[in-house]
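Working notes, structure below.
Values below: every heavy atom of this structure, side chains too, minus hydrogens, waters and symmetry copies.
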Amino acid sequence: MKKLFVLLAFISMTDAVCANPMFADGTENSIGLYIAQGTGSGSLFKLINPGLWDFSPMTSGMIQYSQPMEIFRLPSRMNLNYVQNIAYNSQKGLSFMAIGVSWDIALINWRGFYAGIGVGPYMRDSRDRYVESRLVFGEKVFIGKNIADQWRIEIFTHHFSNGDFTEKNRGFNYTGIGINYSF
């Protein structure tokens with residue numbers, strides 16, 4: 001019951017009639033650049049538990065184009081993503097490129113800060129020993145800050161896996177930073 005009360009309190013901090021905190025007032029587009037370090041394979045729960053992170057020799061870069069929207073009256077964004085994962089050393093065979101769509105929802109919007117979650121499907125260019133399917137799903141948890149009128153900065157964790165559609169599904173986990181410019 002306490003967890004439900006805390007969740008409802010956080011959601012109530014978001015003013016449903018306010019402007020979307022992920023965009024500057026009057027803008028309809030955003031370009032984001034994200035870079036992240038691999039935090040090891042494993043489950044979705046690694047997103048929210050840094051104690052489980054095991055930094056791995058992988059770096060991920062992502063370019064994201066976004067447009068504002070609402071989901072259940074919460075400020076949201078619809079994204080088109082290009083992801084490039086570069087693995088090195090012992091993980092060399094895990095490099096991949098992916099294109100996907102995702103939706104992010106800002107659950108908290110308070111004094112220029114926002115926090116939320118995101119989800120979406122991605123199509124990769126290869127299979128590997130972590131995930132044997134090309135179709136993967138990305139889940140994201142993020143905290144952002146409006147640093148100037150049109151600029152936002154975000155800290156995020158991201159998980160890619162195929163939802164156990166195949167036997168091999170170790171998943172990929174990342175944590176990183178992103179910057180967004182809205183126009």
For this session: Say whether, by atom type as modelled, one donor and one acceptor occur between the side chain of Ser95 and the main chain of Gly93 under 3.5 angstrom.
Result: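 It does not hold such a pair.
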
Exercise. Is there a donor-acceptor pair closer than 3.5 Å between any side-chain N or O of Ser126 and the backbone N or O of Phe96?
Worked result: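 Looks like no, no N/O pair under 3.5 Å.
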
Output the distance between atom [atom1] ([X]) and atom [atom2] ([Y]), rounded to the nearest 0.5 Å.
{"X": "Leu44", "Y": "Ser161", "atom1": "CG", "atom2": "OG", "value": "7.0 Å"}
{"X": "Glu132", "Y": "Arg127", "atom1": "CD", "atom2": "CZ", "value": "8.0 Å"}
{"X": "Phe142", "Y": "Ile117", "atom1": "CZ", "atom2": "CD1", "value": "8.0 Å"}
{"X": "Met78", "Y": "Ser66", "atom1": "CE", "atom2": "OG", "value": "9.0 Å"}
{"X": "Asn81", "Y": "Ser102", "atom1": "CG", "atom2": "OG", "value": "4.0 Å"}
{"X": "Ile86", "Y": "Leu94", "atom1": "CD1", "atom2": "CG", "value": "13.0 Å"}

For this session: Scan for ring pair (Phe, Tyr, Trp, His ring centres under 6.0 Å) pairs involving residues 22-47, sequence neighbours excluded, and state none if there are none.
Result: Tyr34-Phe156

So for atom [atom1], which belongs to [X], do other residues, nucleotides or ligands contribute more than 12 heavy atoms lying within a distance under 6.0 Å?
{"X": "Asp25", "atom1": "CG", "value": "no"}
{"X": "Ile155", "atom1": "CD1", "value": "no"}
{"X": "Ile31", "atom1": "CD1", "value": "yes"}
{"X": "Lys92", "atom1": "NZ", "value": "no"}

Would you say that [X] contacts [Y] through its side chain, given a criterion of any heavy-atom pair below 4.5 Å between the two side chains?
{"X": "Asn146", "Y": "Tyr114", "value": "yes"}
{"X": "Val136", "Y": "Arg124", "value": "yes"}
{"X": "Ile99", "Y": "Tyr122", "value": "no"}
{"X": "Val101", "Y": "Pro121", "value": "yes"}
{"X": "Pro75", "Y": "Pro68", "value": "no"}
{"X": "Ser56", "Y": "Ser41", "value": "no"}
{"X": "Arg129", "Y": "Gln91", "value": "yes"}
{"X": "Thr59", "Y": "Ile35", "value": "yes"}

Taking all atoms of both residues into account, what is the closest heavy-atom pair of [X] and [Y], and its distance?
{"X": "Met22", "Y": "Asn20", "value": "N-OD1, 3.0 Å"}
{"X": "Gln84", "Y": "Met97", "value": "OE1-CB, 3.6 Å"}
{"X": "Pro21", "Y": "Asn109", "value": "CB-OD1, 3.6 Å"}
{"X": "Thr166", "Y": "Asn169", "value": "O-CB, 4.2 Å"}
{"X": "Gly40", "Y": "Asn173", "value": "O-ND2, 3.0 Å"}

Give a yes-or-no answer on whether the side chains of [X] and [Y] include a donor-acceptor pair shorter than 3.5 Å.
{"X": "Gln64", "Y": "Tyr82", "answer": "no"}
{"X": "Asn79", "Y": "Tyr65", "answer": "no"}
{"X": "His159", "Y": "Thr157", "answer": "no"}
{"X": "Asn85", "Y": "Ser60", "answer": "no"}

Exercise. Among Phe160, Phe137, Tyr130, which one satisfies ring-ring contact (aromatic ring centres under 6.0 Å, His included) with Phe172?
Worked result: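 Of Phe160, Phe137, Tyr130, ring-ring contact (aromatic ring centres under 6.0 Å, His included) with Phe172 is met by Tyr130 alone.
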
For this session: State which residues pass side-chain contact (heavy atoms from CB on, under 4.5 Å) with Phe55; sequence neighbours excluded, sorted by chain then number.
Result: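 Listed in chain order: Gln37, Thr39, Trp53, Thr175.
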
Going by the rule salt bridge (charged side-chain N to carboxylate O under 4.0 Å, His left out), which residues pair with [X] if we only count those two or more places apart in sequence or in a different chain?
{"X": "Arg152", "answer": "none"}
{"X": "Glu154", "answer": "Arg77"}
{"X": "Lys140", "answer": "Asp104"}

Exercise. Checking side-chain contact (heavy atoms from CB on, under 4.5 Å) for the pair Glu28/Phe183: CA distance, chi angles, key distance, verdict?
Worked result: CA-CA 6 Å; Glu28 294 292 324; Phe183 56 98; over 6 Å; no

Joint hydrophobic cluster, [X] plus [Y], side-chain heavy atoms closer than 4.5 Å:
{"X": "Ile143", "Y": "Ile48", "result": "no"}
{"X": "Leu135", "Y": "Leu80", "result": "no"}
{"X": "Ile63", "Y": "Val83", "result": "no"}
{"X": "Trp103", "Y": "Leu107", "result": "yes"}
{"X": "Leu74", "Y": "Val119", "result": "no"}

Exercise. With sequence neighbours left out, which residue pairs that include part of residues 165-183 fulfil the salt bridge (Lys or Arg N to Asp or Glu O under 4.0 Å) condition?
Worked result: none

For this session: Go through the steps to decide whether Glu139 and His158 satisfy the test side-chain contact (heavy atoms from CB on, under 4.5 Å), and finish with yes or no.
Result: CA-CA 6 Å; Glu139 296 86 19; His158 208 162; 5.7 Å; no

